Amino acid sequence: MLETNSLKYDVIVIGGGAAGLMCAIEAGKRGRSTLVIERSEKIGKKILISGGGRCNFTNHNAAPHTYQCQNPHFHKSALSRYTQEDFLRLIEKHGIDYYEKKLGQQFCKENAKQIVNLLQAECDEAGVEIRCNCNIEKVFKNEDFKLVTADIEFHADSLVIASGGLSIPKMGATGFGYQVAKKFRMKVTDRQAALVPFVFGKDYLKNFEGLSGISMDTTVKCGNTTFRENILVTHRGVSGPAILQISSYWRPGDTVIIDLLPDLNMEEIIEEQIRKNPLQEIKTAISEHLPKRFVDRVFELWLTNKPLRQLTPKEIEGICRFFHHWEIKPDDTEGYRTAEVTLGGVNTDGISSKTFESKNQPGLYFIGEVLDVTGWLGGYNLQWAWSSGFCAGQYV
Ligand SMILES: Cc1cc2nc3c(=O)[nH]c(=O)nc-3n(C[C@H](O)[C@H](O)[C@H](O)COP(=O)(O)OP(=O)(O)OC[C@H]3O[C@@H](n4cnc5c(N)ncnc54)[C@H](O)[C@@H]3O)c2cc1C
């Protein structure tokens, strides 16, 4: 017999973000009494700030290789059972206009609020109850799951942890999901801020004074991984989509190699210019292809500027190496304060890739970013939230 300040549901989802709401909708549609518990004052806060307020809600190119996970097979099944096309159908059902910005990235034409409204409407239709401003203090498992808040106890047969990762703590991100996993003797991998700008040490940063805002189309490489996109010099280091992407593959101490002229062959350009205009200075020749302020600084600090015809083969080699193979050694990243996601999370070895249920704790499910599944920049992380949430919703 439950006391009056106790409420019982078939399913309780902790976290009213993308994954949790998707899971709740599916559970509700199956006739399961479902409650979503959200500690913030409203649902979908991260969705609202995503994609610069327009929500890059999925990507046409979402596929297993666009995600990182210690088990490279774990996420395959869910991504194939609920695809980007499935989510686009849901968007179209709600009459939301969208467009492809670049590289398969799908954005709302109006704003991200449309996605939150869609999720709220689907929850309403499926009879899902949502409680905001609700902070769970403790989680127990006896015959069912018991969740304790300051004034009420909730009970559920299935408990879904959809509490997200650690990025943007000022929006309320916490390690709650990892604590629950550990409490139920599940493993959590190492974590780091990802999709995040790099910061330079004080001395190296001085070299870039006055250059912040400069953007260049590059390829950026760390280890065996390469991305082709823009980089942006900031007042703390470097950012831009190519840097955010590579940050997920970077570990402290790693060097990052940037090709500043990925479509050109610097050696050929120099040889051609020597023939055409031998008196031209090398930095003037290079400034035709890269921002002048940046090139000026490079020659001021690291290379010797002189007329093209005076360049020795060794100097040409050094110049080519610099522009095609610029090595930077970030001191750190900006951390969770500005990171879009957490790399790592609840170890997927302990989770069923079909149902998302814990292998050693029946009735306990983990979905979305709290898991050790991290997508590239460009709508991949929300697609993971939709896919994992949808699949778990069929079983909870
Ligand atoms: C600035 C920014 C921009 C982004 N832009 C994009 C984008 O355009 N496209 C894309 O694909 N991805 C984007 N991402 C990443 C994406 O938003 C996340 O990967 C995704 O929202 C994760 O969904 P989730 O449901 O797992 O977690 P979240 O969306 O983080 O939701 C978790 C929810 O759980 C709640 N919660 C946490 N602990 C508790 C608790 N103890 N009790 C109750 N509730 C709790 C939180 O308040 C939160 O609402 C962006 C991220 C950031 C930070």
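Values below: every heavy atom of this structure, side chains too, minus hydrogens, waters and symmetry copies. Note that ligands are numbered from 1 as they come in the structure, with each ligand's atoms numbered from 1 the same way. This is a predicted model, so every value here is computed, not measured.
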Open item on the list: Taking only non-hydrogen atoms of G378, do any sit less than 4.0 angstrom from ligand 1?
Closed with: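 Per 4.0 Å heavy-atom rule, G378 does not contact ligand 1.
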Task: G172 touching ligand 1 at heavy-atom level, < 4.0 angstrom - done: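 Not so, G172 does not reach ligand 1.
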In the protein, what heavy atom is nearest to [atom], and what distance, to one decimal place, separates them?
atom: atom 35 (C) of ligand 1; answer: E38 OE1, 3.3 Å
atom: atom 11 (O) of ligand 1; answer: L382 N, 2.7 Å
atom: atom 25 (O) of ligand 1; answer: A19 N, 2.9 Å
atom: atom 32 (C) of ligand 1; answer: A162 O, 3.3 Å
atom: atom 50 (C) of ligand 1; answer: E340 OE1, 3.5 Å
atom: atom 53 (C) of ligand 1; answer: I168 CG1, 3.4 Å
atom: atom 27 (O) of ligand 1; answer: G164 CA, 3.4 Å
atom: atom 37 (C) of ligand 1; answer: S163 O, 3.4 Å

Distance-only, no hydrogens or angles: does the [X] side chain make a donor-acceptor pair with backbone N or O of [Y] under 3.5 Å?
X: R297; Y: N207; value: yes
X: Q114; Y: I96; value: no
X: S287; Y: K283; value: yes

Is the shortest N/O to N/O distance between [X] and ligand 1 below 3.5 Å?
X: F57; value: no
X: I14; value: no
X: R39; value: yes
X: E369; value: yes

Open item on the list: Let's go through Y98 and F107 carefully: what are the C-alpha distance in whole Å and the side-chain angles of both, what is the deciding distance for ring-ring contact (aromatic ring centres under 6.0 Å, His included) to 0.1 Å, and is it a yes or a no?
Closed with: CA-CA 5 Å; Y98 62 95; F107 282 77; over 10 Å; no
Does the side chain of [X] pick up a donor-acceptor pair with the side chain of [Y] at under 3.5 Å?
X: T189; Y: N347; result: no
X: K146; Y: S6; result: no
X: H94; Y: E92; result: no

Which of the ligand 1 atoms, numbered from 1, are nearer than 4.0 Å to a heavy atom of [X]:
X: T174; result: 38 (N)
X: N56; result: 7 (C), 8 (O), 9 (N), 10 (C), 11 (O)
X: V341; result: 15 (C), 19 (O)
X: S50; result: 3 (C), 4 (C), 5 (N), 6 (C), 7 (C), 8 (O)
X: G17; result: 25 (O), 29 (O), 31 (O), 33 (C)
X: G51; result: 5 (N), 6 (C), 7 (C), 8 (O)
X: S40; result: 47 (O)
X: G368; result: 26 (O)

Task: Joint hydrophobic cluster, I243 plus I257, side-chain heavy atoms closer than 4.5 Å - done: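 No, I243 does not connect to I257 through the hydrophobic network.
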Open item on the list: For residues 341-363, which residue pairs pass the ring pair (Phe, Tyr, Trp, His ring centres under 6.0 Å) check, not counting sequence neighbours?
Closed with: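 Those involving residues 341-363 are F74-F356, F356-W384.
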Task: Option nearest atom 1 (C) of ligand 1 (shortest heavy-atom distance, choices I49, L48, V13) - done: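 Result: the heavy atom closest to atom 1 (C) of ligand 1 is in I49.
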Aromatic plane relationship, [Y] with [X] - under 30° parallel, 30 to 60° tilted, over 60° perpendicular:
X: F57; Y: F87; value: tilted
X: Y9; Y: F154; value: tilted
X: W302; Y: Y204; value: tilted

Please output the side-chain donor-acceptor pairs of residues 361-370 that fall under 3.5 Å, not counting sequence neighbours, one pair per line with the distance.
| from | atom 1 | to | atom 2 | distance (Å) |
| --- | --- | --- | --- | --- |
| Y365 | OH | Y395 | O | 3.4 |
| E369 | OE2 | T342 | N | 3.0 |

Task: Qualifying residue for ring pair (Phe, Tyr, Trp, His ring centres under 6.0 Å) with F294, from W326, F323, F322 - done: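 That would be W326.
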TODO: Check each heavy atom of A173 against ligand 1 and say whether those closer than 4.0 Å belong to the side chain, the backbone, both or neither.
DONE: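 Answer for A173: neither.
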